[in-house]
Amino acid sequence: MKVTISTARNLVLAAILAGSWPALAGSVPDGSVDLLKQKFTEGSYSKRGADGCMMCHKRDPQLAAIFDSVHGDPNGKNTPMAGLQCEACHGPQGKHKGKNEPMLTFGEDSPLTAEMQNSVCLGCHQKGADAQWHGSLHDLEEVSCVSCHQLHVAKDPILNPANQSEQCLSCHTRQQADIHKRSSHPIKWDQMNCTDCHNPHGGIGPAATEQPTVNDGCYQCHADKRGPMLWNHAPVMEDCTICHTPHGSVNDNLLTSRVPMLCKQCHGDNPHAGNVPGGNSSINTAGQGCLNCHSQIHGSNHPNGAKFQF
Ligand code: HEC
Ligand code: HEC
Ligand code: HEC
Ligand code: HEC
Ligand code: HEC
Ligand code: HEC
Ligand code: HEC
Ligand code: HEC
Ligand code: HEC
Ligand code: HEC
């Protein structure tokens, strides 16, 4: 990852100059936006660095945990502690030394918008968070980096796959309900993750997935469903989510509706009428279980598989 410290400040500056900061004025304590703006334009970074901050802030043991993290590495390449230290994220100390002058803060209670908070991180992480972040729905909907990431910890918990789905589900309540339905991908058993299919920083595919089409995403794990077969079933080639929902369903096999209703959506109420020799009524009555006969619903490689029976 390429990191430059100067861009961190420049990005924040750019946000200020773009005029997005003053728009905040109503939602912040009097004058603090002006102060923050001033701090950035003057750029009076403190010379004492982390030591100076910790003299007053050592009472909160949680804060010091950052020294055990990659950000806290004083010898790291372009890490905060190798450069502007605490101020790389919280902005110049200026006349802060207590409550006089606010520092940049992060999280829901911060007077700064998510975009402003994120610009601090993106100053160093344009590659790490992927160029895709810009314009992703998380970006547009003002989700902040720190709604997923923690900084004052030795190891950011979200980087452990075992913690990821839980964090996603704290906001995504519909998926929370879905994964507990009768059939689902094994997310609730922690055998799979939201991030197996989605990139939280945005992706090139539909719904921030990594593959260009829904089907390409499914083929990553269900390669046996990838055609072309000798006999293709058109909707399977088109989009798996015509028949399946990725997160959870009250029907077996993640189906969007139950067979035969699923089939009848496209094949009419009586798919065999006039087609099967004699309008075979035994097929029609048996026909509720379409899959009993059309078992190769994803397509067939059998020479006689045109009707997906073999
Ligand atoms: C890499 C960015 C980064 C660096 C470097 C950093 N912090 Fe933080 N700091 C944060 C974030 C993000 C939070 C919000 C809590 C969290 O996510 O951990 C925070 C929270 C805090 C808070 C609590 C603020 C509040 O909202 O009540 C204090 C105080 C603080 N940091 C002080 C420091 C000090 C002192 C240093 C240097 C030793 C430092 N920080 C270095 C990112 C950083
Ligand atoms: C002279 C003591 C002192 C020094 C030096 C100091 N702080 Fe603070 N800081 C405080 C006090 C007091 C508060 C408010 C107490 C509280 O609410 O936790 C505070 C609050 C903060 C907050 C919470 C947000 C806010 O503005 O209220 C952050 C972040 C912070 N300091 C970061 C820093 C950083 C980074 C440095 C070094 C560049 C630093 N502080 C230096 C005393 C100090
Ligand atoms: C001064 C530059 C700088 C700033 C500002 C910064 N980071 Fe980093 N960050 C780094 C560097 C350098 C690394 C380690 C490089 C690497 O391994 O890719 C890193 C690593 C990380 C990692 C991976 C941690 C790990 O354990 O592997 C995460 C996550 C991260 N940063 C998130 C953030 C977030 C969120 C913010 C904003 C609150 C932020 N960073 C601000 C420079 C920065
Ligand atoms: C919706 C949750 C979420 C948000 C928001 C988010 N991240 Fe991440 N981030 C993750 C997860 C999950 C991982 C681990 C990815 C993995 O394991 O494949 C990660 C990994 C990272 C890493 C380390 C791995 C890498 O890609 O090099 C960095 C750095 C990082 N994020 C920075 C950021 C920054 C900067 C922002 C804000 C612009 C941000 N993230 C916003 C969830 C999030
Ligand atoms: C802080 C709340 C929050 C967290 C945490 C969060 N999201 Fe989101 N996410 C949103 C919001 C808000 C939207 C946009 C509105 C919507 O679709 O619900 C969104 C949208 C999405 C979308 C749709 C993207 C698109 O382009 O259509 C996906 C996929 C997604 N999130 C996945 C994740 C994953 C995976 C995680 C965990 C790594 C996660 N989210 C964590 C708030 C969150
Ligand atoms: C098996 C792959 C897969 C997994 C695992 C997965 N998703 Fe999705 N998700 C998708 C696909 C594909 C879409 C797009 C659906 C469409 O276009 O019809 C999607 C769409 C979304 C959307 C956009 C709204 C919607 O429903 O269309 C959100 C939000 C979302 N997923 C969140 C999550 C969360 C949170 C998790 C973890 C609990 C998760 N996803 C797990 C494949 C997956
Ligand atoms: C990261 C791997 C992965 C991806 C990507 C993936 N799946 Fe799955 N899928 C699984 C696993 C694992 C199972 C559970 C297999 C088992 O229980 O034997 C499964 C099961 C299923 C099932 C059967 C569910 C049941 O109730 O038995 C269907 C249907 C399915 N996936 C469809 C899809 C579709 C559609 C996509 C694309 C949107 C997709 N999968 C993407 C891994 C994946
Ligand atoms: C025309 C509707 C339809 C489409 C489109 C479709 N499926 Fe299915 N799928 C089904 C039906 C019906 C079942 C149940 C089969 C059974 O019970 O024998 C099923 C079962 C599955 C299963 C679990 C049983 C097995 O065969 O492994 C997986 C996995 C699966 N589908 C993946 C996919 C993938 C991946 C795609 C896209 C390439 C897709 N499906 C497209 C109808 C469809
Ligand atoms: C989204 C619409 C759609 C759904 C749902 C659907 N199909 Fe199809 N099916 C098609 C299309 C389109 C064709 C190709 C028709 C053609 O070539 O004339 C087709 C072809 C077939 C054929 C071969 C017909 C022929 O003329 O060669 C059979 C058999 C079949 N489908 C059975 C099913 C069954 C059983 C289900 C339910 C599990 C189902 N289909 C669900 C759209 C659908
Ligand atoms: C008892 C076995 C059986 C059952 C059950 C059955 N089918 Fe068929 N289906 C057939 C046979 C055999 C043919 C092929 C007739 C032929 O080759 O002309 C056929 C042909 C079709 C065709 C292609 C019609 C055409 O124009 O050639 C479609 C579509 C179809 N079935 C859909 C369905 C659907 C939907 C269901 C469930 C509602 C269903 N079938 C249930 C045996 C069955």
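We number each residue from 1, following the sequence as shown. One-based numbering, in listed order, for ligands and for the atoms of each.
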For K188 against H180, the heavy-atom pair lying closest together: CD-CD2, 3.8 Å

CD (E142) with more than 12 external heavy atoms under 6.0 Å: yes

Closest protein heavy atom (residue, atom, distance) for atom 24 (C) of ligand 8: N253 OD1, 3.9 Å

C218, portion touching ligand 8 at heavy-atom distance under 4.0 Å: side chain

Which segment of E238 sits under 4.0 Å of ligand 8 when only heavy atoms are counted: neither

C243 near atom 8 (Fe) of ligand 8 via N/O/S, less than 2.8 Å: no

Separation of T173 OG1 from Q176 CD (nearest 0.5 Å): 8.0 Å

Side chain proximity check, L230 to N301, heavy atoms < 4.5 angstrom: yes

Minimum heavy-atom distance N118-W133, with the two atoms named: ND2-CZ2, 3.4 Å

Proximal atoms of ligand 5 relative to Q167 (non-hydrogen, under 4.0 Å): 5 (C)

Heavy-atom closest contact (G107 atom, Q117 atom, distance): N-OE1, 2.9 Å

Common cluster, I66/V70, ILVMFWY with side-chain heavy-atom separation under 4.5 Å: no

Protein N, O or S atoms lying under 2.8 Å from atom 8 (Fe) of ligand 6, listed by chain and number: H198 NE2, H247 NE2

Any Q176 heavy atom less than 4.0 Å to ligand 6: no

For the student: nearest non-hydrogen atoms of C197 and T209, plus distance: O-CG2, 3.1 Å

Shortest protein heavy-atom distance from atom 21 (C) of ligand 8, along with the residue and atom involved: H298 CE1, 3.4 Å

Hphob cluster co-occupancy, M192 + I179, side-chain heavy atoms under 4.5 angstrom: yes

Separation of T245 OG1 from K181 NZ (nearest 0.5 Å): 7.0 Å

N215 to D239 - nearest heavy-atom pair and separation: OD1-CA, 3.2 Å

Ligand 8 contact on D224 by region, counting heavy-atom pairs under 4.0 Å: neither

Centroid-centroid distance, H90 to F106, less than 6.0 Å: yes

Heavy-atom side-chain contact between D224 and H222 under 4.5 Å: yes

Ligand-residue contact atoms, ligand 8 with P235, heavy atoms, under 4.0 Å: 1 (C), 5 (C)

T213 side chain to D216 side chain, donor-acceptor N/O pair below 3.5 angstrom: yes

Identity and separation of the nearest protein heavy atom to atom 25 (C) of ligand 6: R174 NH2, 3.7 Å

Short side-chain donor-acceptor distance under 3.5 Å, S165 and N193: yes

Sub-4.0 Å heavy-atom approach of L169 to ligand 6: yes

Atoms of the protein (N/O/S only) found under 2.8 Å from atom 8 (Fe) of ligand 5: H138 NE2, H172 NE2

Ligand 8 versus V236: contacting region, heavy-atom distance under 4.0 Å: both

Subset of ligand 6 atoms that lie under 4.0 Å from at least one heavy atom of H185: 1 (C)

For Y219, the ligand 8 atoms whose distance to one of its heavy atoms is below 4.0 Å: 38 (C)

Sub-4.0 Å atoms of ligand 5 with respect to non-hydrogen atoms of S147: 1 (C)

Distance-minimising heavy-atom pair for S257 and N251: CA-ND2, 3.4 Å

Nearest neighbour in protein (non-hydrogen) for atom 17 (O) of ligand 6: V214 CG2, 4.4 Å

N, O or S of C240 under 2.8 Å from atom 8 (Fe) of ligand 8: no

Neighbour count >12 (heavy atoms, 6.0 Å) for atom CD, E108: no

For M192, the ligand 6 atoms whose distance to one of its heavy atoms is below 4.0 Å: 1 (C), 5 (C)

Protein heavy atom at shortest distance from atom 26 (O) of ligand 8: K225 NZ, 3.1 Å

Atom 18 (O) of ligand 8 [closest protein heavy-atom partner, distance rounded to 0.1 Å]: L291 CD1, 4.4 Å

Beyond-backbone contact of S184 with D178, side-chain heavy atoms, under 4.5 angstrom: no

Beyond-backbone contact of K307 with H294, side-chain heavy atoms, under 4.5 angstrom: yes

Min heavy-atom dist N193 to ligand 6 below 4.0 Å: yes

Any N/O pair H244/ligand 8 closer than 3.5 Å: yes

Gap separating the CD atom of Q220 from the CD atom of Q211, nearest 0.5 angstrom: 4.0 Å

Linked, directly or transitively: V146 and L112 (ILVMFWY side chains, under 4.5 Å): yes

Per-atom contact, atom 28 (C) of ligand 5, protein heavy atoms, under 4.0 angstrom: no

